[in-house]
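These notes concern the structure reproduced below.
These numbers come from a predicted model, not from an experiment. Letters A, B, ... mirror the listed sequences (proteins, then strands); counts begin at 1.
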Amino acid sequence: MLEIRNLVKRFGPFTAVDDVSFKVGKGEVLGFLGPNGAGKSTTMKMIAGFIAPTSGSVQVLGDDVAEAPLKTKAAIGYLPEGAPTYPDMTPLSFLNFVADARGLSGAERKRGIDAVVEHVNIGHVLNQSIDTLSKGYKRRVGLAQAILHDPPVLILDEPTDGLDPNQKHEVRELIRRMAAGKAIVISTHILEEVEAICTRAIIIAQGKILAEGQPADGGWRIGDHFAEPGRLDAVFRTITGGPAKEAA
Amino acid sequence: MSGTSAVFKREFQGYFSTPVAYVFICIFLFCTGIFTFYVGNFFVRGQADLKAFFSFHPWLYLFLIPAISMRLWAEERKSGTIELLMSLPVSLAGVVLGKFLAAWIFAGVALACTFPMWITVAYLGDPDHGIIIAGYVGSFLMAGGYLAIGSCISAVTKNQVIAFVLSVVVCFLFTVSGAPMVLDFFSAWAPQVLVEAIASFSFLRHFNAIVEGVIDLRDVVFFASLIALWLFANAIVIEMKKAG
Ligand SMILES: Nc1ncnc2c1ncn2[C@@H]1O[C@H](COP(=O)(O)OP(=O)(O)OP(=O)(O)O)[C@@H](O)[C@H]1O
Ligand SMILES: [Mg+2]
């Protein structure tokens, strides 16, 4: 459903994303991992059609993001890094705005809004200015916006950052529930989250894909490494910068 | 289309959900009042028209319109909501237009709030209503011109103060390019064609032409194409700057 081919993004002389390719199919939840500054958010921005790649292509449901941006944007739900929202709006007016902009109307719109309000549990703050919400609630509103139109492709940049443990759990459950009919990409620094919800993971650093992995034999197999349950972080460290094996 | 109207609605309501709209309209009314009645010697002139009232609009807009336009894009870029906005299935042109129209209609609302002036002259004398209507049309068009400039400049920077100052400067250039002082300066040495060209860009010249009571198509076309041009530049600037 989502296919990325040889994606490159340069900012001046600096290469933020360097020849990244991957595919995400229906029912998959891809965990996008990597140290700070690895190029995760930049890749996601290109998928969402916010910034144009220097070279390479992104296809969403067979449409190219560069050629049919409105079509691909309609098919994507995107939570940008930091979950930006309009502080002077209320969650309800904000969701109404997004529904308008996405062309939802009538019963579909009401159903969509009711459903996401329930999913991310913001019913009791719907009419409070977003400005005055706590960080976690702001993020929930951002998440609500991304799933409002029940998109086939979901791109979530650190969806659980700043949430309390209960809400983290809720959001993971939500993602797991939605996964069946969708292609989902989430970036995260929480490796237990990868074990909890991802069906596959990619580790990138300095813009390049270093390793790919999936659950196997009761743990995770990433590249040449095997991680026992709960030990993904050790493998992550080895791959992204621990003992510099390749340097030798 | 639904995207443009969604953006328009959000922006327009935004003015009224904060004190911005009320403060702006109050200041606008206060200034037009002061200028018309005191500086413009409305009563002393003893004429039943709104010439004095309209003649100050370019100078008021010079400061008040950049105050509306400065946040249009600068804020969106600073807070990162531009990323959210651009991930919605709405074309860039649609967003630029929606934002601009919201600001323009808002300026129109502020302008419409000056109707007591009209009632006053109608009560005191027997004004030519056609000329007054022309004045309002001209003023509204001119506000659109200033707004389009301000909107484009607001996309250049994340800093609203810088956006404000730059907009005032550029709007000032577009205003005074027709003032006698400026033209005298140029006509001393520049060829007549150039002087003519500079003067033809002046808001003052086109606005004054309309305020005289003749809505000449050329003046309307001037403002319309100026708005289109600046909004086009606006879209290009966003395309270039949005990532940073
Ligand atoms: N607009 C930009 N101009 C210049 N450099 C940029 C720009 N955006 C991102 N970068 C650089 O690209 C690199 C990748 O950034 P990116 O935000 O994609 O990292 P990330 O993997 O999401 O990191 P994090 O885990 O901290 O969120 C960084 O070095 C960053 O400084
Ligand atoms: Mg990031």
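Residue contact with chain A, scored on non-hydrogen atoms closer than 4.5 Å, involves the backbone and the side chain of T81(B) alike. Neither the backbone nor the side chain of Q13(B) comes within less than 4.5 Å of any heavy atom in chain A. At a 4.5 Å heavy-atom cutoff, the contact between S87(B) and chain A is made by backbone and side-chain atoms alike.
To the nearest 0.5 angstrom, L88(B) atom CG is 6.5 Å from Q145(A) atom CD.
Heavy atoms of other residues, nucleotides or ligands lying less than 6.0 angstrom from CZ of F16(B) number more than 12. With a 6.0 Å radius and a threshold of 12 heavy atoms from other residues, nucleotides or ligands, R177(A) has its CZ atom above the threshold. Heavy-atom neighbours of Q206(A) CD from other residues, nucleotides or ligands within 6.0 Å: at or below the threshold of 12.
Within the structure, the salt bridge (charged side-chain N to carboxylate O under 4.0 Å, His left out) test picks out the following pairs touching residues 26-39 of chain A (sequence neighbours left out): E28(A)-R200(A).
Among the residues in residues 71-100 of chain A, those with a non-hydrogen atom closer than 4.5 angstrom to a non-hydrogen atom of chain B are K73(A), A74(A), Y78(A), P80(A), P84(A), T85(A), Y86(A), D88(A), M89(A), F94(A), F97(A), V98(A), D100(A). Within residues 117-129 of chain A, no residue has a heavy atom under 4.5 Å from a heavy atom of chain B.
Top candidate by heavy-atom pairs under 4.5 Å with chain A, chosen from R10(B), K9(B), M86(B), is R10(B).
When all heavy atoms of L70(A) and P89(B) are compared, the pair lying nearest together is O-CB, 3.6 Å.
Shown here are the salt bridge (Lys or Arg N to Asp or Glu O under 4.0 Å) partners of K208(A), two or more places apart in sequence or in another chain: D18(A).
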